Number of protein chains: 2
Amino acid sequence: MAVTIKDVARVAGVSASTVTRALTMPELVHPETRERVKRVAADLGYHPNRAARGLITGRTGNIGLLVPDLANPFFPSVVKGVQARAHEADYAVFLADTDEDATAEIGLVRKLSKQVDGLLLCSPRMSDDELRTIVGDTPVVLVNRRLARVPSVTPELLDGMRQAISHLTALGHRRVAYVAGPRSSWANRERVRSLRTVAAAAGAELVETGNVTPQFEGGVAAADQVLATGVTAVIAYNDLVALGLLNRFTARGVAVPGEVSVLGFDDIPLSAMVHPALTTVDLPKEQSGRAGVDLLLQLLAEPDRSPAARRELPTQLIVRASTGIAPRRV
Amino acid sequence: MAVTIKDVARVAGVSASTVTRALTMPELVHPETRERVKRVAADLGYHPNRAARGLITGRTGNIGLLVPDLANPFFPSVVKGVQARAHEADYAVFLADTDEDATAEIGLVRKLSKQVDGLLLCSPRMSDDELRTIVGDTPVVLVNRRLARVPSVTPELLDGMRQAISHLTALGHRRVAYVAGPRSSWANRERVRSLRTVAAAAGAELVETGNVTPQFEGGVAAADQVLATGVTAVIAYNDLVALGLLNRFTARGVAVPGEVSVLGFDDIPLSAMVHPALTTVDLPKEQSGRAGVDLLLQLLAEPDRSPAARRELPTQLIVRASTGIAPRRV
DNA sequence: TTGAAAGCGCTACCAT
DNA sequence: ATGGTAGCGCTTTCAA
């Protein structure tokens, strides 16, 4: 059995209460006693049982993190950010991968919510209504999604999209396709919304193709439709989809960027590793994770603040040398 | 406050004990009572507090998972496998990313070990001795590492290496470089060991270059040394390193696979997405995660089985069309 | 400044 | 088949 507070108390010759105090409210105990207790605790390798503590304090010291798909490199980056910040604040992280399944999401939330102080929902796929029911039960912060009166961390998509379209139009592109991600994705809806606004303002014609799974395969699947539209440039829902497009274009002998330019979203690490490198819009990833934890801790500290905190993090177009983007051929 | 067992007991008109029994040992309670209790529990949305339960049963229903770096796509795949299997068995997963830091690893293990039934250490970087101290405290299963008397899941590296070398020698390569990963990595030491054995048997000359970080940057850094050795083929510690090599070779105008062939390890998803695609040795990833959980559950169920269970999972050379491997030029 | 006692939510044991 | 009681490890009164 692990060493408990009683063991420490006995060895240090004090009561359990004093051990607690020495460790969590040091100023309330005599310096001499305090040091002795701390030394004994260290010697014995005592670490308080957080579950037992949680039973009393109502705080578990854990947070839950849900992501749709760890296989999409975007999410591991966010997770790393969450981990880093959480551990700094001495929180441990429950992780669940929902496999892009809104139903699984809800089940996992229920299961996790009992053992955590709060939940970080990253790009949740469930509906607004479903989200609402959860928000009622447990402190929740959204990453990559917004909902009225719920704290959230989101990227400045409108600005990112503006940068993307400016870049393309500066290179002479006038007809641009957008390969959409999952219909249930807020990120996708926001991209579409921003894109329409920005394209209209820039006088570019926007061609929207159907929704695809936000993975490599989605891009592969959409490539031929994109070519059929005769556009000179295509914006993909994310980098994985962009890579899928690239792959299928190459397979069909369509030169990138010679005949068609491809622009991605996310700036996953891999986008700089391929050749040609991907031109893409960098979304904050680690940073979103960290900011999400910050908001959650803040929410836990002062539960009845209003309105809900909302952080928007900047985005940045990344233009790389020898990339999949070129001026429009005349 | 959440609904507790007392609430259910009161509403159902029974004692707390009966509620427990109705829910966890249904056969011990009268069918009528059982149904009533279950209905009330469902109506009230009662879910037992796992922390409180764990206090008594000594079981938390949680497992801890440590990985060195989520940014390496190999690990998210393992994590997905762990998640999937764990949730099937109604376990929740604590995840910690150690950033390739052996010291951080130990700290995180200590912190997590109190709130989990067992630990899955994936490619741990700490020393054998450090590992030993942990194994004494908590049930541990190793993934991608071996240690005497500790259950583990590992890939059949020797066989994978044999496939790799056979492939290269069949294509005429006689001098092959190996770009090593972290010195603290068991996976790296095993690769080296297998490689020496297999290369000797195949009559190939092996040129070992220094250790690099197991990331894209590591490959970039090693590329020039590799070229200086004059080998016609190079095996990288993993796919990320292989991509780094590829990138730097290309930058220096060295044709791949024209002048030098590159072979990776892992078969991360991305290796099929790039162009040229990566020829690589597939290591079981999701499967290792699942197997690791299986072993851990088994260990928890029968703590004093011996000798330690040990599973070796098959590896497979993946040869792709238009890949970074070619016959040796004469 | 310290200790004793109560109790968090739950389950195990001993009654009945 | 069911209830009462004790106790898991810890913190928080309350009293001294």
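Computed over heavy atoms, backbone and side chain alike; hydrogens, waters and symmetry mates excluded. In this text, all values refer to a predicted model and were calculated from it rather than measured experimentally. The sequence lines fix the lettering, A, B, ..., with proteins before strands; numbering per chain opens at 1.
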Do the side-chain N or O atoms of T18(B) get closer than 4.0 angstrom to the phosphate oxygens (OP1, OP2) of dG3(D)?
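So the side-chain polar atoms of T18(B) do come within 4.0 Å of the phosphate oxygens OP1 or OP2 of dG3(D), strictly under.
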Distance below 4.0 Å between T33(B) side-chain N/O and dT2(D) OP1 or OP2:
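T33(B) to dT2(D) OP1/OP2: side-chain N or O found under 4.0 Å.
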Exceeds 12 heavy-atom contacts within 6.0 angstrom, atom CZ of R311(B)
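Atom CZ in R311(B) is not packed in, count stays at 12 or less.
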In a table with atom names and distances, give each donor-acceptor pair under 3.5 Å that connects a side chain of residues 25-32 of chain B to protein atoms at least two apart or in another chain.
none

Please tabulate, one pair per line, all N/O donor-acceptor pairs under 3.5 Å involving side-chain atoms of residues 39-47 of chain B, not counting sequence neighbours.
none

Quick one: salt bridge (Lys or Arg N to Asp or Glu O under 4.0 Å) pairs with a partner in residues 106-117 of chain B, sequence neighbours left out?
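For residues 106-117 of chain B, and leaving out neighbouring residues, the salt bridge (Lys or Arg N to Asp or Glu O under 4.0 Å) pairs sorted by first residue read D90(A)-K111(B).
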Going by salt bridge (charged side-chain N to carboxylate O under 4.0 Å, His left out), name the residues that satisfy it together with R145(B), two or more places apart in sequence or in a different chain.
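Expected list: D128(B).
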Excluding sequence neighbours, so at least two apart, what forms salt bridge (charged side-chain N to carboxylate O under 4.0 Å, His left out) with R10(A)?
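Listed in chain order: D7(A).
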[X] [atom1] to [N] [atom2]: how many Å, rounded?
X: D7(B); N: dG9(C); atom1: CG; atom2: C1'; answer: 11 Å
X: E27(A); N: dT2(C); atom1: CD; atom2: P; answer: 13 Å
X: R36(A); N: dT2(C); atom1: CZ; atom2: C1'; answer: 11 Å
X: L23(B); N: dT11(C); atom1: CG; atom2: P; answer: 8 Å
X: Q115(B); N: dG9(D); atom1: CD; atom2: P; answer: 16 Å
X: N49(B); N: dC8(D); atom1: CG; atom2: P; answer: 18 Å
X: L55(A); N: dC10(C); atom1: CG; atom2: P; answer: 8 Å
X: L28(B); N: dC14(C); atom1: CG; atom2: P; answer: 15 Å

Side-chain donor/acceptor of K38(B) to backbone N/O of T33(B), under 3.5 Å:
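Such a contact is absent between K38(B) side chain and T33(B) backbone.
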Name all residues meeting the ring-ring contact (aromatic ring centres under 6.0 Å, His included) criterion together with F94(B); count only those two or more places apart in sequence or in a different chain, and write none if there are none.
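Here the qualifying residues are F94(A).
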Partners meeting side-chain contact (heavy atoms from CB on, under 4.5 Å) with A52(B) (sequence neighbours left out)
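Checked A52(B) against side-chain contact (heavy atoms from CB on, under 4.5 Å); matches are L55(A), N49(B).
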Secondary structure string for DNA chain C (Watson-Crick or G-U under 3.5 angstrom, | for other-strand pairs)
||||||||||||||||
Within the 4.0 Å limit for protein heavy atoms, which parts of nucleotides 11-16 of chain D are touched? Write it as a string from 5' to 3', B for base, S for sugar-phosphate only, - for none.
BBB---
